[in-house]
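What follows is a short report on a single structure.
Letters go in sequence order (proteins before strands), and every chain restarts at 1.
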2 protein chains.
Amino acid sequence: MLKKETQNLEIDNLDIQILTQLMQDATKPYTEIAKELIISGGTVHVRMKKLADMGIIKGSHLIIDPKKAGYDITAFLGIYLEKGSLYKDAVEQLSKIKEVVELHYTTGSYSMFAKITCRDTDHLRHVLNEEIQAVKGIQRTETLISLEESIKRQIELL
Amino acid sequence: MLKKETQNLEIDNLDIQILTQLMQDATKPYTEIAKELIISGGTVHVRMKKLADMGIIKGSHLIIDPKKAGYDITAFLGIYLEKGSLYKDAVEQLSKIKEVVELHYTTGSYSMFAKITCRDTDHLRHVLNEEIQAVKGIQRTETLISLEESIKRQIELL
DNA sequence: GTTGAAAAGTGCTGCGA
DNA sequence: TCGCAGCACTTTTCAAC
């Protein structure tokens with residue numbers, strides 16, 4: 001009885017189907033999913049618990065429309081650092097700017113790449129000129145403004 | 001009785017506090033939120049209904065960890081189109097590539113900017129060389145591979 | 001517009017196959 | 001391991017303030 005749990009660490013097709021449904025609508029009742037997949041509600045629950053224990057499920061977010069909430073502008077920022085070693089410090093400072101919603105350490109021409117969301121062009125200018133430029137270690141930035149978000153989705157597991 | 005609804009189209013502080021909580025965890029019970037804000041569960045429900053009717057709430061997503069689901073690589077793609085007029089057509093074709101999770105029409109050097117998620121370097125190479133290059137109208141692309149996602153969050157409404 | 005409680009539906013747990 | 005049934009909880013509704 002040494003082996004405690006040889007638990008199914010595989011993700012099978014059923015898991016993927018459950019996840020796919022909940023990735024589109026996290027509040028979808030388990031019972032409804034169960035009906036569609038022709039299994040019991042309990043099974044959905046067991047699978048979800050397994051996936052949660054495995055750490056695949058990170059949580060659930062309510063998705064709001066940034067435009068309707070007054071945030072009209074999405075922009076991407078290619079950031080050049082003075083020295084690559086300043087990366088960690090820059091992350092810390094940038095994380096304090098709430099308009100920075102994504103930050104990646106990337107290969108290619110830029111040192112870092114950020115996605116920012118602003119209310120309007122004035123707000124964007126303020127964030128770029130005051131907030132971002134004040135971050136130590138940033139040499140210069142290149143801005144790409146998103147005029148239209150044509151696709152926005154999560155990866156399909158299928 | 002001509003004016004049907006002069007409904008509160010403003011978002012007040014209470015709305016924002018409710019949204020902020022649910023944006024972090026969409027499954028958080030209304031009753032718990034109500035307790036924290038010292039209001040009744042019914043009020044939370046009424047406010048959420050108002051926000052949903054206003055279209056601010058787009059839905060809820062279950063967030064999975066792409067790494068643990070076997071998707072290890074995030075990359076950004078600067079896309080140059082042969083002609084700007086090919087945009088609409090390119091969007092349609094790119095939307096069929098499930099690895100493309102975001103697509104923006106942008107100002108700046110690139111015509112379009114995409115975010116893609118892949119299983120591994122082989123998968124990335126396949127998507128870039130076979131899928132993306134097959135899209136008509138794309139002249140060339142520039143790839144930025146994300147080595148680390150340092151920040152990932154939604155905009156704060158506060 | 002908010003409250004508090006009642007009704008309906010959902011999520012969770014243990015037992016049986 | 002999966003499915004079923006009972007219990008606890010949440011959501012939703014509604015009358016009253």
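Without hydrogens or angle criteria, His61(B) side chain to Met23(A) main chain gives a donor-acceptor distance under 3.5 Å. Side chain of Gln93(A) to main chain of Lys136(A): a donor-acceptor pair is present (N/O by atom type, distance under 3.5 Å, no hydrogens or angles).
Across the protein-nucleic acid pair, Ile38(B) atom CD1 and dT3(C) atom P stand 11 Å apart, rounded to whole Å. Between Tyr30(A) atom OH and dA8(D) atom P the separation is 21 Å, expressed in whole Å. Here dT3(C) presents its P atom at 9 Å from CG of Leu14(B), a figure rounded to the nearest Å. Atom pair Glu10(B):CD and dG1(C):C1' shows a separation of 16 Å (rounding to whole Å applied). In this structure, the CD1 atom of Ile33(B) is 15 Å from the P atom of dT2(C), given to the nearest Å. The nearest whole Å value for the distance from the CZ atom in Arg47(A) to the P atom in dG3(D) is 9 Å. Per the geometry, NZ belonging to Lys28(B) stands 17 Å off C1' belonging to dC9(D), to the nearest Å. As rounded to whole Å, 17 Å separates atom C1' of dT13(D) from atom CE of Met48(B).
Comparing dT12(D), dT2(C), dG11(C) by their nearest atom to the side chain of Thr43(B) picks out dT2(C). Listed nucleotides: dG4(C), dT10(D), dT12(D). Nearest to the side chain of Ser40(B): dG4(C). Nearest to the side-chain atoms of Ile39(B) among the listed nucleotides dG11(C), dT3(C), dT2(C) stands dT3(C).
For the atom pair CZ of Arg125(B) and CG of Asp120(B), the computed distance is 9.0 Å after rounding to the nearest 0.5 Å.
Taking side-chain N and O atoms only, His45(A) has a distance below 4.0 Å to OP1 or OP2 of dC12(C).
Environment of CD in Glu92(A): sparse, with no more than 12 heavy atoms of neighbouring residues, nucleotides or ligands closer than 6.0 Å.
Note on Thr31(B): a base of the nucleic acid sits closer than 4.0 angstrom, heavy atoms only.
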